[in-house]
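Since we're looking at a predicted model, the values are computed, not measured. In what follows, residues are counted from 1 in the order of the sequence shown.
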Amino acid sequence: MFTAFARAFKTPDLRKKLLFTLGIIVLYRLGAHVPAPGVDYSKVQQCIDQADSGGLLGLMQMFSGGALLQITIFALGIMPYITASIILQLLTVVIPRLEALKKEGQSGTAKITQYTRYLTVALAVLQGTGLVATARSGALFQNCSVAGQIVPDKSIFTTVIMVITMTAGTAAVMWLGELITDRGIGNGMSILMFISIAATFPGALWAIKESGKLADGWIEFGTVILVGFVMVGLVVFVEQAQRRIPVQYAKRMIGRRSYGGTSTYIPLKVNQAGVIPVIFASSLLYIPALIVQFSGSQAGWATWIQDNFVTGTHPYYIATYFVLIVFFAFFYVAISFNPDEVADNMKKYGGFIPGIRAGRPTAEYLSYVLNRITWPGSLYLGLIALVPTMALAGFGGANQNFPFGGTSILIIVGVGLETVKQIESQLQQRNYEGFLR
């Protein structure tokens with residue numbers, strides 16, 4: 001990896017792309033520290049020191065790079081765009097019009113991207129309104145004595161200005177991500193997601209060291225680093241694992257030329273769903289606690305939810321979280337990979353799997369293989385999401401959004417691997433001499 005970056009800096013055009021990407025990252029991190037208008041920054045910092053965020057709020061805090069609780073202009077980060085992308089991807093299976101656009105190629109993809117932008121702005125308005133309303137009421141920091149003074153001016157005008165500023169910040173983040181995609185290295189949104197998560201690492205690790213008791217906290221600090229490296233190694237190993245299904249294309253004579261006769265394969269990843277099931281499970285599991293928080297009910301059901309689904313280490317919480325991850329892994333794979341469509345495309349171009357008849361038998365075989373490899377993939381996701389929580393619970397009060405927890409490790413490793421592959425691919429294109437000699 002470091003060799004690829006070193007070689008890229010030696011190539012003039014790649015060096016410009018890398019420097020451009022770094023410049024956008026710096027601009028993004030600066031925006032994450034600029035307070036939104038109408039916010040008392042000193043009161044926010046006072047409450048952050050006492051904050052204990054988890055669930056969906058902690059997930060958004062992680063994706064915003066710590067900007068959410070500081071109520072900055074980039075407080076919403078890229079979470080609205082991620083949500084909009086997931087919603088459009090799910091709707092593509094349900095709405096025939098979107099499915100037709102997806103099959104149109106580049107023009108259809110551009111149209112879906114435009115819909116994603118519109119939906120991102122709409123979600124940013126909703127999430128920004130919710131964040132501002134929560135901050136005004138003092139519910140953003142429940143254990144802080146000055147939580148109600150975070151927004152001193154509670155007029156409608158100030159509220160509207162804050163929502164507009166945060167929505168504009170989300171649009172700016174989306175634009176910065178697209179600039180990286182067009183002129184920089186890698187996928188812009190993935191890079192910004194990577195930076196947002198990585199930005200929280202130093203503070204979280206130092207907090208573990210400060211709260212440690214063995215050798216002034218250095219034992220706990222070293223243990224967490226060691227466990228982190230082990231987790232990264234495991235994730236890299238599984239993320240690279242795939243089942244390659246061989247595909248043979250028959251020879252065809254068109255005029256005097258022969259086409260086809262080549263061999264290739266369909267790569268089916270063990271973790272075909274990526275990090276999406278973890279995000280879905282975290283969001284869905286936080287809904288009951290959110291309902292109790294805003295209802296203020298003291299009924300038996302509300303007390304039961306408070307006791308069992310607020311603490312991330314409770315057995316009920318862990319079991320439900322694991323089951324939801326497994327369920328969403330199968331659900332997402334089912335809607336993102338269509339064996340019938342793949343089998344039809346193979347049949348159309350004269351491709352077949354050795355030993356399997358083309359058409360319906362091929363689709364059934366692909367579905368069979370996909371179901372079998374999704375089981376270990378879904379169990380792996382559940383373990384990655386839960387093992388750090390349980391193993392590191394004694395180091396700084398770890399929860400599912402712990403820096404070396406499932407969501408952060410999966411995203412960082414996935415984006416890192418993809419970016420390195422793109423750099424190596426561009427280096428290979430520039431160094432490939434081909435038939436020029």
(message) Check this for me, if you would: do Lys269 and Glu239 make a salt bridge, where the nitrogen-to-carboxylate-oxygen distance has to be below 4.0 angstrom?
(response)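 Answer for the salt bridge query: yes.
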For [X] and [Y], which I'm curious about, is there any donor-acceptor pair between the side chains at under 3.5 Å?
X      : Y      : answer
Thr116 : Thr113 : no
Gln272 : Tyr332 : no
Thr159 : Arg136 : yes

Could you report the tightest heavy-atom contact between [X] and [Y], atom names first, then the distance?
X      : Y      : value
Gln127 : Pro80  : OE1-CG, 3.5 Å
Lys102 : Thr92  : CD-CG2, 3.7 Å
Ala329 : Pro277 : CA-CG, 3.5 Å
Ala385 : Val278 : CB-CG1, 4.5 Å
Leu192 : Val173 : CD1-O, 3.6 Å

(request) Name all residues meeting the salt bridge (Lys or Arg N to Asp or Glu O under 4.0 Å) criterion together with Glu178; count only those two or more places apart in sequence or in a different chain, and write none if there are none. (result)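 Partners of Glu178 under the salt bridge (Lys or Arg N to Asp or Glu O under 4.0 Å) test: Arg117.
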(request) Identify, with sequence neighbours excluded, every residue that meets salt bridge (Lys or Arg N to Asp or Glu O under 4.0 Å) alongside Glu364. (result)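 Applying salt bridge (Lys or Arg N to Asp or Glu O under 4.0 Å) to Glu364 gives Arg360.
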(request) For the pair Thr320 (side chain) and Tyr317 (backbone), establish whether a donor and an acceptor sit closer than 3.5 Å, ignoring hydrogens and angles. (result)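 Such a contact is absent between Thr320 side chain and Tyr317 backbone.
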(message) Between Thr181 (side chain only) and Gly188 (backbone N and O only), is there a donor and an acceptor less than 3.5 Å apart?
(response)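 It does hold such a pair.
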(request) Step by step, work out the side chain to side chain contact (heavy atoms under 4.5 Å, CB included) result for Ile384 and Met231. (result) CA-CA 8 Å; Ile384 286 293; Met231 297 299 298; 3.4 Å; yes
(message) Name the residue from Phe331, Tyr321, Phe328, Phe330 that meets the ring-ring contact (aromatic ring centres under 6.0 Å, His included) definition with Phe280.
(response)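 Among Phe331, Tyr321, Phe328, Phe330, the one that satisfies the ring-ring contact (aromatic ring centres under 6.0 Å, His included) with Phe280 is Phe328.
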